[in-house]
Structure formats: structure tokens, C-alpha cells
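When a residue number appears, it is its place in the shown sequence, counting from 1. In each ligand, atom 1 is the first atom listed, and ligand 1 is the first ligand listed.
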Amino acid sequence: MRDIPHFIGGRAVAGASGRFGDVFDPNTGRAQARVPLANAAELDAAVENARVAQKAWAAVNPQRRARVMFEFKRLLEVHMDELAALLSSEHGKVVADSRGDIQRGLEVIEFACGIPHLMKGDFTSGAGPGIDVFSSREPLGVVAGITPFNFPAMIPMWMFGPAIAAGNAFILKPSERDPSVPLRLAELMIEAGLPPGVLNVVHGDKVAVDAILDHPAVKAVSFVGSSDIARAVYARAAAGGKRCQAMGGAKNHGVVLPDADFDQAVADIVGAAYGSAGERCMALPVVVAVGEDTADILRSKLVTAIEGLRIGVSTDPDAHYGPVVSAAHKARIEGYIQMGVDEGAELVVDGRGFTLQGSEGGFFVGPTLFDRVTPAMQTYQDEIFGPVLQIVRAQSFAEAVSLPTRHAYGNGVAIFTRDGDAAREFAAEVEVGMVGINVPIPVPVAYHSFGGWKRSGFGDLNQYGMDGVRFYTRQKIVTQRWPKRVADGEVADQSFVIPTMR
Ligand code: NAD
């Protein structure tokens with residue numbers, strides 16, 4: 001079986017810890033490669049490479065750093081098909097979704113191409129007699145990113161794009177479940193002209209993550225993954241004095257008001273709930289129908305739409321979604337479906353026991369629909385992260401606003417309505433970080449920022465956009481005074497007295 005290497009100092013390095021994880025093809029259920037799980041010594045070696053490389057990289061002027069990003073973007077386009085096929089073969093999402101995964105990362109790289117402008121500081125001339133004040137943004141040094149399995153191209157690029165453009169060196173610890181695309185991205189960065197050591201990929205599990213969190217030379221850690229781990233990572237990084245942003249899980253609601261365009265809403269909700277087998281942090285696994293009539297109409301249209309879904313291998317161009325990532329995850333999702341039944345929710349469509357002819361070993365789960373789900377149910381409170389959609393019936397607009405507001409997660413939310421006033425009130429009141437109005441997956445564009453509230457995000461700066469630039473830089477503010485030269489016999493202007501200024 002193929003062994004996947006680390007990528008340290010600009011070259012492939014075999015794992016030395018003796019520990020490995022299996023990388024599966026979710027379409028067949030068979031292991032296809034082994035990924036090494038790094039120990040602290042291997043992480044140290046990567047950080048040392050990064051530390052040395054960073055000094056020279058930070059001294060490269062920002063316009064030249066931007067040129068590397070421009071070239072990387074071009075290479076992503078050239079290699080799009082190859083990357084998408086590789087991504088689908090380890091993740092299981094259909095190729096069209098893999099292309100979207102790469103494209104959304106590419107857009108953050110495009111944003112990072114503007115780094116000369118984005119890092120410019122402020123200047124105040126004449127803040128006092130002979131006094132100017134100016135600020136500059138400087139890279140932090142060595143920074144790290146720890147990423148989840150579900151977007152193995154986009155999320156690494158959310159992180160290393162702005163970080164490297166800003167002059168940092170980067171340690172990427174991708175998900176051990178689909179590590180090949182992150183590795184390939186690092187190779188393409190070198191091909192684009194990045195000096196060796198500026199971007200290193202170290203594979204691993206908790207051992208590697210803890211080594212990153214405890215390493216004194218790592219100045220900032222960006223994490224995306226499930227909430228309990230996000231919270232633990234945030235706490236450990238902060239205890240070590242590091243800057244940290246840690247994005248967690250989600251349970252996004254789609255609220256449908258009685259005046260919505262139901263056909264449009266159902267098409268959007270089905271795509272958002274079942275696309276990528278529900279393995280998106282911005283999936284819509286909960287529909288809140290306002291009023292019994294709305295719920296009844298939605299339910300019947302959802303059942304019809306679900307009947308039209310095609311589940312297939314990730315290379316099937318007509319498939320709406322493919323397998324989930326692992327056998328354990330499939331079992332977990334099916335366990336939640338049983339829990340929903342036991343809790344008293346009405347199981348309208350049961351996706352358990354789904355097998356695909358010719359791919360019987362694949363990790364497939366059929367689309368599942370529950371009705372009459374209530375906030376007290378565990379299956380409502382937890383993130384299931386599979387193709388399971390739950391209808392919650394609300395009796396009023398106020399109740400519909402309060403459901404996502406009271407939920408422990410606060411990543412994304414959507415409302416479907418033709419009433420601008422109601423939509424505006426909803427957006428203002430709801431306690432969730434990203435809101436869509438007739439937009440089912442409100443992932444902000446690359447020049448805004450991405451981040452959830454409550455259990456969905458720990459730390460105060462979001463991913464990408466200006467927040468990304470702020471996260472990977474620190475400001476220096478210089479107050480300079482050049483007193484006016486005075487002729488012999490004249491009295492110098494002594495009027496500048498800190499902290500008051502006349
Ligand atoms: P995960 O939490 O299992 O893993 C995320 C990363 O943490 C991986 O690199 C993994 O190797 C590492 N890790 C695993 N166990 C660890 C431990 N005990 N200590 C330290 N590190 C550990 O998440 P996943 O299953 O890969 O991804 C799915 C989750 O990510 C879902 O909860 C999803 O909602 C969330 N997610 C959130 C966002 C967001 O932006 N909010 C985006 C994508 C995914």
C-alpha cells in the first residue's frame with residue numbers, strides 16, 4: 001500500500017514515528033494508502049525549517065510575495081481536474097463538489113494576491129509639533145493550521161493563503177482522513193516559487209496537534225473542526241500565550257415563512273441538506289416551518305424532491321452526493337437516525353441500510369427526513385453531519401427566530417420569505433454568525449470573513465478577508481518626533497509633554 005509522506009523543507013519526508021493511519025476510498029470502503037502520524041520530534045523539525053525560512057521570506061517585498069500567490073492561483077486552475085479527482089477519491093464527495101471546494105479556496109488566494117495593499121498601515125502627519133504617527137502590519141513568524149476532513153482544499157487555503165502572503169511560515173496539519181490534496185497544494189506552492197520551508201505539511205492526530213500547541217516558536221494557531229476539540233485547542237493555545245481562532249461544529253436552521261416561494265426553498269434546502277452527504281459545516285440539517293400549513297406543504301414537496309435524488313460514487317457525474325467519509329461515521333449517522341425514532345420524531349424517509357449496486361462496501365447513507373422534531377430532542381441539539389434533515393414546526397415568527405438563537409451552535413442560518421421587513425428583523429435578531437436571506441448556504445465571499453458564534457467559534461477573529469490578514473499579522477505603531485532645529489539663542493519648542501499635548 002502507498003505511504004503518504006510529510007512535506008518538510010520543500011520536500012517529501014517519510015514518517016519516522018512508526019505510527020500510521022489508513023486512508024480509505026469511501027466509494028469502495030477499502031484502505032488505499034497509509035498516512036504517517038507525526039511525533040513531537042518530527043513536528044520540531046518542521047518548525048525549525050519554518051523558523052529559518054520565515055526570516056528570509058518576511059524580507060521579500062510584498063509585491064514579490066504576491067507574485068507567488070498569483071502563480072499558485074494559475075497552477076490551481078491548470079491542475080483543477082487532477083486535484084478534484086484526488087480529493088473525491090479520499091473524501092467521497094462528488095467531483096463537482098470537489099471542484100467547488102478548490103474554487104472557494106482559490107478565491108481566498110486571489111484575495112491574498114492583494115497583500116501589498118492589505119498590509120498597508122495608517123499615517124498621521126503632524127500629530128504634535130514635529131510628530132508623526134504611523135502603523136505597520138508585520139508577520140508573526142511561524143504559524144500553524146489544523147484542518148478538518150470535509151474541505152481538504154478550501155480550509156487549508158483559507159489559512160495558508162493570507163498567512164504566507166503576509167510573510168509568515170506555515171505548518172499545516174491536515175485531516176489524517178484525506179491528506180493527499182493538502183500535500184499536493186504544498187508541492188504546487190513550491191512550483192509557484194515559494195522558498196522551501198515556508199509551507200510544511202505534517203500529518204498526524206492529537207499527538208501532532210498537541211506538539212503544535214505546546215511549541216514555543218509557533219505564534220498563532222488556526223483550527224477548524226468539531227466543537228469539543230475546537231474548545232480544547234483554543235484553551236491550550238491560549239494557555240501557552242498563542243493567538244488562536246478555533247471554528248467548531250454547526251446545526252444550521254433554514255426558516256421558511258408562509259409567504260416563501262416553496263419550490264425555490266425546497267430546491268435550495270435539498271441541496272444544502274443533502275449535498276456533500278450533509279458533511280458541510282454550512283449544511284442546513286434543520287427546516288423550521290412557520291405554521292402547520294407551511295410544514296405540510298414543505299414536507300410533501302421535500303419527499304418528492306428526495307425521491308429524485310441520486311446517490312452514487314463520487315465519479316458519477318449525475319450523482320447528487322456520494323458516500324460519507326468513513327465506516328465509523330456511517331455507523332454514527334445511522335445511530336442518530338435510530339435515536340430520532342426512539343425520541344419520538346416521525347421518520348418520514350429512512351436512509352439506513354442503503355447499498356449501491358457494484359459498490360456494496362462503500363460508506364453510503366440514503367437521504368433521511370424527520371418531521372415533528374422538537375428542541376428537547378438530543379438529535380436536534382447535536383450535529384449529526386450526515387444526510388439527515390429534520391423538520392421542526394414553529395407556530396410563529398418569534399418562535400422561529402428563537403430556535404436558532406437559543407441553539408448552542410451559531411454558525412449559519414437562512415430564512416426563506418418574500419417579506420423584506422421580516423427578513424430584516426430576522427437578520428437583526430438572530431444570534432448566529434452568518435445569515436442567508438433566500439440564500440441556503442451563506443458562506444461569505446473571500447473579501448468578507450467567515451466565522452460562527454457560540455459553540456461554532458472560539459476566538460475573536462474570523463477566517464479570511466481582512467480578519468485573516470489581522471489574524472496573521474501584528475501591528476507596530478511608531479510615534480516619531482523630529483524637533484525643529486533652532487538657531488543659537490532661540491528657545492526650542494518644548495510644548496510636547498507626554499501624555500498631554502497642547
Ligand atoms: P475533528 O474535530 O475530528 O478534526 C479536526 C482536526 O482536529 C483534524 O485535523 C484532526 O486530526 C484533529 N484532531 C482530532 N482529534 C483531536 C484531538 N483529540 N485533539 C486535537 N486535535 C484533534 O473534525 P472533522 O471530523 O475532521 O471535521 C468535521 C467537523 O468540523 C464538524 O464538526 C464540522 O462542523 C466542523 N467544521 C467546521 C467548520 C467551520 O468553519 N466552523 C468548517 C468545516 C468543518
Numbered atoms and elements of ligand 1 in range of [X], under 4.0 angstrom, heavy atoms:
| X | result |
| --- | --- |
| Arg177 | 3 (O), 24 (P), 25 (O), 26 (O) |
| Val224 | 5 (C), 36 (N), 37 (C), 38 (C), 39 (C), 40 (O), 42 (C), 43 (C), 44 (C) |
| Asn150 | 43 (C), 44 (C) |
| Ile146 | 6 (C), 7 (O), 9 (O) |
| Met247 | 39 (C), 40 (O), 41 (N) |
| Asn411 | 41 (N) |
| Gly249 | 32 (O), 34 (O) |

Salt-bridge test for [X] and [Y]: reply yes if a basic N is under 4.0 Å from a carboxylate O, no otherwise.
| X | Y | result |
| --- | --- | --- |
| Arg406 | Glu431 | no |
| Asp228 | Arg231 | no |
| Asp210 | Arg236 | yes |

Item to complete: Please check if any side-chain donor atom of Gln463 sits under 3.5 Å from a side-chain acceptor atom of Ser222, or the reverse.
Response: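 Distance-only check passes for Gln463 and Ser222.
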
Item to complete: Check whether any protein heavy atom sits under 4.0 Å from atom 4 (O) of ligand 1.
Response: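 So far as the 4.0 Å threshold goes, atom 4 (O) of ligand 1 is out of reach of every protein heavy atom.
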
Practice prompt. For Phe24 and Gln32, work out which heavy atoms get closest and say how close.
Written response: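 For Phe24 and Gln32, the tightest heavy-atom pair comes out as O-NE2, 3.1 Å.
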
May I ask you to decide if [Y]'s main-chain N or O and [X]'s side chain share a donor-acceptor pair within less than 3.5 Å?
| X | Y | value |
| --- | --- | --- |
| Glu343 | Gln378 | yes |
| His253 | Lys251 | yes |
| Asn200 | Gly9 | yes |
| Gln54 | Val198 | no |

Can you tell me if [X] has a non-hydrogen atom under 4.0 Å from ligand 1?
| X | result |
| --- | --- |
| Phe385 | yes |
| Gly248 | yes |
| Met282 | no |
| Ile155 | yes |

Is it the case that ligand 1 has an N or O less than 3.5 angstrom from some N or O of [X]?
| X | value |
| --- | --- |
| Thr147 | yes |
| Lys206 | no |
| Lys173 | yes |
| Ser227 | no |
| Ser226 | yes |

Worksheet item: When the ring planes of His203 and His6 are compared, do they come out parallel, tilted or perpendicular, using 30° and 60° as the limits?
Response: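 The arrangement is parallel - the two ring planes meet at less than 30°.
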
Practice prompt. May I have the step-by-step check of side-chain hydrogen bond (donor to acceptor under 3.5 Å, both in side chains) for Ser314 and Asn27, ending in yes or no?
Written response: CA-CA 7 Å; Ser314 49; Asn27 294 296; 2.9 Å; yes

Worksheet item: Does the ring center of Tyr464 lie less than 6.0 Å from the ring center of His448?
Response: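 No - the distance between ring centres of Tyr464 and His448 does not fall below the 6.0 Å cut-off.
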
Practice prompt. State whether Phe20 and Arg34 meet the cation-pi test: NZ (Lys) or CZ (Arg) under 6.0 Å from the six-membered ring centroid, and within 45° of the perpendicular axis.
Written response: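 Yes, Arg34 and Phe20 form such a contact.
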
Worksheet item: Would Lys93 count as a cation-pi partner of Phe151, with NZ or CZ less than 6.0 Å from the six-membered ring centre and within 45° of the ring normal?
Response: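 Output yes; distance and angle both within limits.
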
Shortest heavy-atom approach to [atom] - which of [options]:
| atom | options | result |
| --- | --- | --- |
| atom 26 (O) of ligand 1 | Phe450, Trp158, Phe149 | Phe149 |
| atom 35 (C) of ligand 1 | Ala246, Ala232, Cys281, Gly225 | Gly225 |
| atom 27 (O) of ligand 1 | Gly21, Pro179, Pro148 | Pro148 |

Heavy atom of the protein closest to [atom] (residue, atom name, distance):
| atom | value |
| --- | --- |
| atom 34 (O) of ligand 1 | Glu383 OE2, 2.6 Å |
| atom 20 (C) of ligand 1 | Val209 CG1, 3.5 Å |
| atom 7 (O) of ligand 1 | Phe223 CE1, 3.3 Å |

Structural part of [X] in contact with ligand 1, heavy atom criterion under 4.0 angstrom:
| X | value |
| --- | --- |
| Glu176 | side chain |
| Ile229 | side chain |
| Arg280 | neither |
| Glu279 | neither |

Worksheet item: Any side-chain heavy atom of Pro152 within less than 4.5 Å of one from Glu90?
Response: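 No. Closest side-chain heavy atoms not under 4.5 Å.
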
Fill in: Verdict with supporting geometry, Asp214 and Lys242, salt bridge (Lys or Arg N to Asp or Glu O under 4.0 Å)
CA-CA 9 Å; Asp214 295 342; Lys242 297 187 197 321; over 6 Å; no

